[in-house]
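Quick notes on the structure that follows.
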Amino acid sequence: MEKPDYSKTLNLPETEFPMRGNLPQREPQIQDKWNELNIYAKVQAKQNGKPKFVLHDGPPYANGDIHIGHAMNKILKDIIVKSKTMDGFDAPYVPGWDTHGMPIEHAIIKSKGINRHEVPVTEFRQMCFDYALDFVERQKGQFQRLGVRGDWENPYITLQPRYEAAQIRVFGEMAKRGYIYKGLKPVYYCAACETALAEAEVEYADKTSPSIYVKFAVKDGKGVLPTEHTSIVIWTTTPWTLPANVAIALGPDFEYNLVEVNGENLLVAKELTAAVLKTAGIEGEPNIVGTFLGKDLERVVAKHPFMDRESLVILGDHVTLESGTGCVHTAPGHGMEDYLVGLKYDLPILAPVDGQGKFTADAGKYAGQFYIKANKAIAADLHESGHMLAEKSLDHSYPHCWRCKNPVFFRATEQWFGSIDKFREQLLEQIKAVNWDPHWGEVRLHNMVADRTDWCISRQRKWGVPIPIFYCTDCNTEIVTDETIDKVSNLFAEHGSQVWFEKEAHELVPEGLTCSCGGTHFRKESDTMDVWFDSGSSHMAVCEAREELHWPADLYLEGSDQYRGWFNSSLSTGVAVRGQAPYKMILSHGFTLDGEGRKMSKSIGNTVDPLKVMNQYGADILRLWVASVDFRADTRVSDAILKQVAEVYRKVRNTFRYLLGNLNDFDPKTDKVAPEQLLEIDRFALNRFTQVSDRVHNGYRKYDFHTVYVEINNFCTVDLSSFYFDVSKDRMYTVAPSALERRSAQTAMYEILVGLTKLVAPILSHTADEVWGYVPGAEEESVQLTEWDDAPVAFDAELDRKWGAVLTVRDEILKAMEVARQEKVIGKSLTAALDLYPNAETLAVLHSVPRLHEVLGVSQVNVHEAGADVPGDAVAYAGLAIRVKAAAGETCERCRVVTTEVGTDPNHPTICPVCAGNVVHFLG
RNA sequence: GGGCCCAUAGCUCAGUUGGCUAGAGCGCACGACUGAUAAUCGUGAGGUCGGAAGUUCGAAUCUUCUUGGGCCCA
């Protein structure tokens, strides 16, 4: 008989599951399979009737390709939705898009080079509409490439008719409750284009402006300032705004000097006194007759230099001492800060300038003049009347119109507001009721809501949802009633908001509408709504409207910029129309920075493109990266970081591969070993998995994905690869295929394989399904169609403690063996024989371990009694002295154990008796 | 300028109510194996916790200040 090739008589791992992921190629195939299966619908159908969990998607803006922030956001949501599903919930996910607003108008105007005023509104809006939908499709493909599962065939889009219709109803509800009012607010305005401008439409350029110092005579010093011959000196570079002056702002904590000059007292900030006097050409040592704190001068009354009006002294934190006089001319109708401080003091908002930039009758003698031209006339008059202290000019950076390049200015215009004031207390109450993660989110939103001004919801824009208000052409009364809202909403539901621009007012109002004045002719509002009102209505248009969802949502999850944005606008509309926050919980993530913690920007060139990452590494690597970081804070990403994540992935993948390889002949239906018959070490492996499984489940439930990542990583590397697999591999390979020792290990590996696949599925969705295709006996078409099971064994704390002690001893022995290896006493562990000299405690541990040599990976172990003489060449460790020597005998050609018994069976002269017994199972 | 947040080994993160020589994985170095092989195993070297001051018997953990960074306002 010829000597057999013993390597053919082993149960070596074998699997088609590739070692290399090749994710950029493989993932799209897996996604195709999901699409064929219609995985979303299938999962939803299966979970129907289970407790619902609604994560409501915050809509990204449909413009541009997705960036790394989008990727992180969507991946986090996907991990949550998938883990909730596997945890036994019905977790629908309806993705959304935000589509109206300036950036798309901007993009259309730029890319098509068109002038908004020359293209018919409906045509312009259609272009915006098409553009937005193009990007919805584009981003949808990119989100799907990330592996995100959702109702992609039926998303919500803010330009959808049914969405716009629902939004109109939100507006109507707010109006009905008296929360909508018309007021004045300054906006950037271009007189040449006769239009309001968004901030993004303003560009800064150098300009030379007048720089004048004007005296405002004190009329009532409130007992603090003298009234006779006393003036407050203001400084301005826009003399034309003086007709709109209603106040003078001082810094509350600044000191102000009262300086006597030529018989009159002038008030200027102490720090600026010298500079002002110098500018005014006043020589000599100033004669300071008094010093005051700004806050002591509050409500002093001055007299306007040329209007028949008073000017109130107020306090503002925006006052600086960088230039001017420290006494700030305040015209709430012509400046943002002036406006805001004006709200606090309830100042009138005057803007006596019309749409062409000409002064109105309210500007008195300047009526009819173009605002800039009036600068000269005003200055001349101030000289004439003796109010001009000094007049110079100044070069500075000033906002200009992006189109016509003319200077722009702030002009108070009529705007629609949502009255936060009327339900601020309710907002603050509701903030308390929400579950905030991280907890500081509550403070952040609370502070914002506590001191925010009313919500300006109107925009002088075309690409948006129109504000559904009519005006009586006879008496100009605003009309918004249940009937008009109903009518408009229904029209929008049918035709979309485009109908507002296509039809005349009389076609849009309910039949028979009559104004209280008796008028029956109407015109329609031309402003559109702030896009935050669009997305802020999503809880009504989506959560409440769609039957698979519910209101309020269980969770909103967005970047921390959304405290100001969507969290805020959604809360406002929710409380306004339903008296309640539209979400039970807010979870927020940080921003993604580069490897050095710097903000990413295209100009610096430090961006990480998720699409490139997926082409290079794969979506699962990106997903694993998301799971690996502390997303609640800002996170970093770089190629080096992704490489590291890819290493972790490789380890996890190899773990799966090894499990699959060892299970190639395992049929769970027939080969499973009952728990009580399992070898102790196999039970220990399962026991550890039980623990890991529990921790991973809890990690998912607390949205601590980093815990999930760490637990899985450590389980694969420490528990499995370096211990369990390493220690059990010889047994797996050498024993008869169906021997209990092998089936026992296979049972443990099978349970671990199935369980682990389910644990990683929410994160490594592609890989998990790839693995699932190889799992023996797996019936479901996707692991996403399974739920987490209870762990295969109940956690046994005693077993865990015992093997913990074994591992500690093993570590000591490995150290000793490493020393022997360095000294060339041994090579691989199987060439070693050990003499162990334990103390009583360690002896008990060693005695408790079945198959000790297997656990230590050596050929021979000789455990001496406690107290035995320790030879001088043994190395002492805690509780144990160890002598490592080369094992005596020959190496069994089959199992590679070194033993003196090789050749005991004359038929097999090169192998050990154990192998001789096992080999018959292979040779027949 | 204001509100909120972040800062622990090269990297990603742990470090309950302040208390043993600050931990893990990866990476790195060295070594082993060649029956998980574009794999696998072992050993080891790396932080004094952004900085300063303070409270305390004792602080990465508390206080103040400070530096750098981020989000949102102004």
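Residue numbers start from 1 in every chain, and the chains themselves are labelled A, B, ... in the order their sequence lines are given, proteins ahead of strands. Side chains included, hydrogens not; waters and symmetry mates left out as well; all remaining heavy atoms used.
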Kindly say if [X] contacts the phosphate of [N], meaning a side-chain N or O under 4.0 Å from OP1 or OP2.
X	N	value
A:K815	B:G42	no
A:K828	B:U40	no
A:R632	B:C5	no
A:K599	B:C6	no
A:R657	B:U37	yes
A:R20	B:A36	no
A:T635	B:U12	no
A:Y733	B:A36	yes

May I ask you to check whether over 12 heavy atoms, not counting those of A:E14, lie within 6.0 Å of atom CD?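 Check fails, neighbour count at 12 or below.
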Options [options], nucleotide nearest the side-chain atoms of [X]:
X	options	value
A:D726	B:G31, B:U40, B:U12	B:U40
A:K651	B:U40, B:G25, B:C72	B:U40
A:R896	B:G69, B:A32, B:U34	B:U34
A:N654	B:U12, B:G42, B:A39	B:A39
A:L593	B:G31, B:G69, B:G25	B:G69
A:Q644	B:G25, B:A36, B:U43	B:G25
A:K824	B:A32, B:U40, B:A38	B:A32
A:S7	B:A36, B:G35, B:A32	B:G35

A:Y617-A:W625 aromatic ring centre distance below 6.0 Å: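 No; A:W625 has its ring centre 6.0 Å or more from that of A:Y617.
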Establish, yes or no, whether a centroid distance under 6.0 Å links the rings of A:F705 and A:F631.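 Centroid separation for A:F705 and A:F631: below 6.0 Å.
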Same-atom distance ([atom1]) from [N] to [M], integer angstrom:
N	M	atom1	value
B:G1	B:G19	C1'	42 Å
B:U48	B:A39	C1'	38 Å
B:C28	B:G47	C1'	15 Å
B:G46	B:C33	P	27 Å
B:G51	B:C11	P	15 Å
B:U56	B:U63	C1'	12 Å
B:C4	B:A53	P	27 Å
B:G25	B:C41	P	12 Å

Once you round it to whole Å, what is the distance between [atom2] of [N] and [atom1] of [X]?
X	N	atom1	atom2	result
A:I431	B:G3	CD1	P	17 Å
A:R564	B:C71	CZ	P	16 Å
A:D634	B:A7	CG	P	10 Å
A:K643	B:G25	NZ	P	23 Å
A:N568	B:C71	CG	P	19 Å
A:N664	B:A36	CG	C1'	13 Å
A:D719	B:A24	CG	C1'	12 Å

Using a heavy-atom cut-off of 4.0 Å across all strands, would you classify [X] as base, sugar-phosphate, or nothing?
X	answer
A:F725	base
A:G661	nothing
A:R598	sugar-phosphate
A:K8	nothing
A:E647	sugar-phosphate
A:V648	nothing
A:S829	nothing
A:R894	base
A:V645	nothing
A:E893	base
A:Y658	base
A:E596	nothing
A:M817	nothing

Report the relative orientation of the aromatic rings in A:F17 and A:Y774; use parallel for angles under 30°, tilted for 30 to 60°, perpendicular for over 60°.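 Correct class here is perpendicular.
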For [N], the Watson-Crick or wobble counterpart (both distances under 3.5 Å):
N	result
B:A36	none
B:A24	B:U12
B:A74	none
B:G42	B:C30
B:A52	B:U64
B:C57	B:G19

Residue whose closest nucleotide on RNA chain B lies nearer the 5' end, A:F723 versus A:M336: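 Upstream on the strand: A:F723.
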A:I826 vs A:S721, nearer the 5' end of RNA chain B by closest nucleotide: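 On the 5' side of the pair lies A:I826.
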Do A:H439 side-chain atoms and A:W436 backbone N/O form a donor-acceptor pair below 3.5 Å?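 No; zero donor-acceptor contacts below 3.5 Å.
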Got a donor-acceptor contact below 3.5 angstrom from the A:S859 side chain to the A:V898 backbone?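 Confirmed, A:S859 side chain pairs with A:V898 backbone.
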If we ignore angles and hydrogens, is there a donor and acceptor under 3.5 Å between the side chains of [X] and [Y]?
X	Y	value
A:W532	A:N568	no
A:T707	A:R695	no
A:D704	A:Y709	no
A:H334	A:Y339	no
A:Q746	A:D682	no

Taking syn as a glycosidic torsion within 90° of 0 and anything else as anti, which one is B:G23?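 Nucleotide B:G23 adopts anti.
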Is A:R444 side chain donor-acceptor paired with the B:C71 base, going by distance under 3.5 Å alone?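 For A:R444, whose side chain was compared with the base of B:C71, there is a donor-acceptor pair (under 3.5 Å).
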